[in-house]
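The block underneath contains the structure these notes are about, expressed in structure tokens.
Because only heavy atoms are used, hydrogens play no part in the values below, and waters and symmetry mates are left out as well, while side chains stay in. Since the structure is predicted, the reported quantities are computational estimates derived from the model, not experimental observations. Here is how names work: the chains are called A, B, and so on, in the same order as the sequence lines, proteins then strands, and each is numbered from 1.
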Amino acid sequence: MSAAGGALEGIRAIELSDERIAFAGKLLGDMGAEVIAVEPPGGQRMRSYPPFRDDRPDAERSLYWWHYNTSKFGVTLDWTRPQGRELLRRLVSEADLLIESEEPGTLDQLGLGYAELSALNPRLVMVSMTPFGQRGPRSEERATDLTLLAGGGPAWSCGYDDHSLPPVRGGGNQAYQTGCHFAVISALVALLARDETGRGQFIDVNLHAAANVTTEAGSYHYLVSGEIVQRQTGRHAGSRPSPPMQRRCADGRYVNTGVGLRRPADFAALCEWLESAGLDRSFGKMPALRDAAGREKLDAMRAARDPAIAEMLAAGREAIDHLADHLSAYDFFVGGQERGIPVGAVYSPEEALEDPHHRARGIQVSVEHPELGRSFDYPGAPYLFSGTPWRIQRRAPRLGEHNQSVYAELGVSPAELSELRAAGVV
Amino acid sequence: MAGKDLFRRLVRVSDAVTENFAAGVLERLGFGYPRLRELREDIVYVSNCGFGHSGPYRPFKSWGPIVQAVSGLTFTSGLPDQPPAGWGYSYMDHTGAYYMAMALLMALVHRQRTGEGQWVDLAMTEAATTLNGPALLDYTVNGRGMRREGQPHSNRSDSPPMAPHGIYAARGEDQWIAIACRDASDWRALAECVAQSWTANARFSELEARLAHQDELDEKLGVWTAERDKFQLQEQLQKAGVPAAAVQTPPERIDADPNTEAWGLWPAPTHPVMGDVRVDGLPVHLSETDWEIARGAPLLGEHNQLIYGDLLGLSADDLERLRAEGAI
């Protein structure tokens, strides 16, 4: 197999296009799977979501659609109608995977549930992702990314020291994306299992549960010791308050200042950093830093009993703050890291894309839009595979772009396709 | 050397090697990908570190909060005129592991078909950067970054546009409810629940108008919610068809949420020292090969006999010698 082929080459997935599940299709498609997104004839709702290219609203200009539907083929189909249903059954008969996020029971009522589909294609793996799972006491509830992160736990841990401010939803549709990570993981597990047994299976993905188990200490502090973490500005929620870890730099941008220095070698690096930045003279506690740098070891546990150690550790924190106050966020980040001190700049998303390290590793990839006669830069690979590289196979499909090729493969003649189009089935 | 020899033997009988040392550590120990491949040709190797195994920041160190800062995830989580709130935990410790699992399984699917193994160099800051979604294209295509007036405001929703959309105070100390109106019918249903004259104001009639007057809308809605219990609000709004969810505390979502209970989300595997402690389960159920957490995390060296003895075939004397040498 050539290196150009993706790891999932030869796997065909049908996606009932939906904003909740679209990211799962992208993750599979960008690794080489053949993903066919099935939209209603009028277009999936995502096509109406901003931002739009040049801010001109249009079904083919939604960057939301562009982002979440890379590498997919696109067909239109009204699967609520008998002829549409039949075509979907035929599509699924030839597929390895069906991924969807309709409300529980919707597909069953149309005769498109797992029982019917697996009778047609016993090798089918069907992944259904819903807010609360297929069954159970909350399965009828309505949800969005916001309400899932609120009810599922993440929001409780995110926000500010000032609890008169509301908890915060982390940005970027992370409830949906977390659900999609689990959808992909479980789909791949089922495909590997199918290689052993010859049989597919049904996978019920619960977004509320996915948020619940992606909360780190929020869950395990409670499960193990009954403690309830409290949100804090720019750092981990804790069952006890912890010192600030975020500071505004000379250029107005923020940095994460790390967890404090512990090793004499770190203090030596800190002294050298202050000196080379010309900030040692304006910092009042150089003797404490040099003292720490000269010690054989520093036992932070002893700070409570040993005032000299407490002073050194405090001087270390103040020195870091002093550097942040006088440097740009970028210089602080790189200056610290080059000296082995783990700190970070709080980048905006575009700054992360433009960072020289990320650029050197190829975080931006050019994707051709042939109908526009030009290419655009897209966010690149989340992981670098040595043998079967991640690759955007093509830009997101235009509405009905692959109707002809996909339906022809099912034996639909051009005349039949015209009739289906006229009847509003495709 | 005894430890390295054991490791070599383990690699020979394994499908995959995964690790999250700093970049280059395993290589320095003599087990970079070329060497792993010599030990087992079709090995799948997934390394996970902050900045990856190439590029100028290769030596940089990180943990969750640093990754989240450098990727944009911290910046995009917060309220206007406030510092970044960020994620109040290591979201990328979870999500980095999800990417490891996806990468490993994808590589295994490929190996199953071709017999070829490979190395996946997973850099957490890269995976995290790609999680910013369509905002990245708004920058590369329209040239519009997120560092601008009024941004970020992550409790709101510009894409898709929704209003009202936020987390509002409920009755009691530090009690909150999230409400999202997806469309006109959600808004009408919410307005009926609120049953106050301001909801009929022309400033709130259409989506465009509600988006334009969101500060005022949030304030008025917040006054209404602040007098009400968050779970009663959730029930009332859900009954009307409006997406709403109480911001749940850990005990509320772990002990009192009927969905997580019915799902079996908190299994309690037996732990020989800690007893039966509940742990995070999985948010998926597979009809044929479902998960089961049969035991808790291993004790130190708990399976030395099982792995070195039964699997690799070392004798009791060998194990004793390795133990005396400090190799195991």
Side-chain donor/acceptor of Q337(A) to backbone N/O of Y57(B), under 3.5 Å: no
Pair F60(B) + F333(A): ring centers closer than 6.0 Å: yes
Residue among L207(A), D162(A), V259(A), V125(A) with most heavy-atom pairs under 4.5 Å to chain B: V259(A)
Residues R144(B) and E350(A) bridged, charged N to O under 4.0 Å: no
Distance-only side-chain donor-acceptor flag, R182(B) / T144(A), under 3.5 Å: no
Test item: H236(A) and W87(B) side chains (from C-beta on) under 4.5 Å apart, heavy atoms: no
Polar side-chain atom of R142(A) near backbone of V242(B) as donor-acceptor pair, under 3.5 Å: no
Closest approach of H357(A) to P56(B) (non-hydrogen atoms, all atoms of both residues): ND1-N, 3.4 Å
Donor-acceptor pair, side chain of D55(A) and main chain of N142(B), under 3.5 angstrom: no
Which atom of V213(A) lies closest to which atom of H94(B), heavy atoms considered: O-CE1, 3.2 Å
Chain B contacts, top residue of S157(A), G340(A), G172(A), G226(A) (heavy-atom pairs, under 4.5 Å): S157(A)
Y33(B) versus S386(A), closest heavy-atom pair with distance: CE2-OG, 4.5 Å
Heavy-atom pairs under 4.5 Å with chain B, option from A360(A), A210(A), G336(A), S48(A) with the top count: A210(A)
Segment of A143(A) engaging chain B (4.5 angstrom heavy-atom cut-off): backbone
Residue pair D377(A) / Y139(B), side-chain donor-acceptor N/O under 3.5 Å: no
E216(A) (side chain) donor-acceptor with Y89(B) (main chain) under 3.5 angstrom: no
Among the listed options P83(B), P65(B), G86(B), the residue most often paired with chain A at heavy-atom distances under 4.5 Å: P83(B)
Engaged part of I341(A) at the chain B interface, taking heavy atoms whose separation is under 4.5 Å: neither
Greatest number of heavy atom pairs closer than 4.5 Å to chain B - which of T215(A), L191(A), L165(A), V184(A): T215(A)
Residues which pass side chain to side chain donor-acceptor pair (under 3.5 Å) with R199(A), listed by chain and number, not counting sequence neighbours: none
Top contributor to chain B interface from P382(A), A211(A), S139(A) [non-hydrogen pairs under 4.5 Å]: P382(A)
Would you list the atom pairs, donor with acceptor, under 3.5 Å between side chains in residues 96-108 of chain B and any protein atom, with sequence neighbours excluded?
residue, atom, partner, partner atom, Å
Y98(B), OH, T214(A), OG1, 2.7
Y99(B), OH, H181(A), NE2, 2.9

Between T74(B) and Y347(A), a side-chain donor and acceptor under 3.5 Å: no
Residue, of T233(A), L146(A), D355(A), that accumulates the most heavy atom pairs under 4.5 Å with chain B: L146(A)
Side-chain H-bond candidate by donor/acceptor type, T125(B) with H358(A), under 3.5 Å: yes
Stepwise side chain to side chain contact (heavy atoms under 4.5 Å, CB included) test for V205(A) and H285(B): CA-CA 7 Å; V205(A) 184; H285(B) 280 306; over 6 Å; no
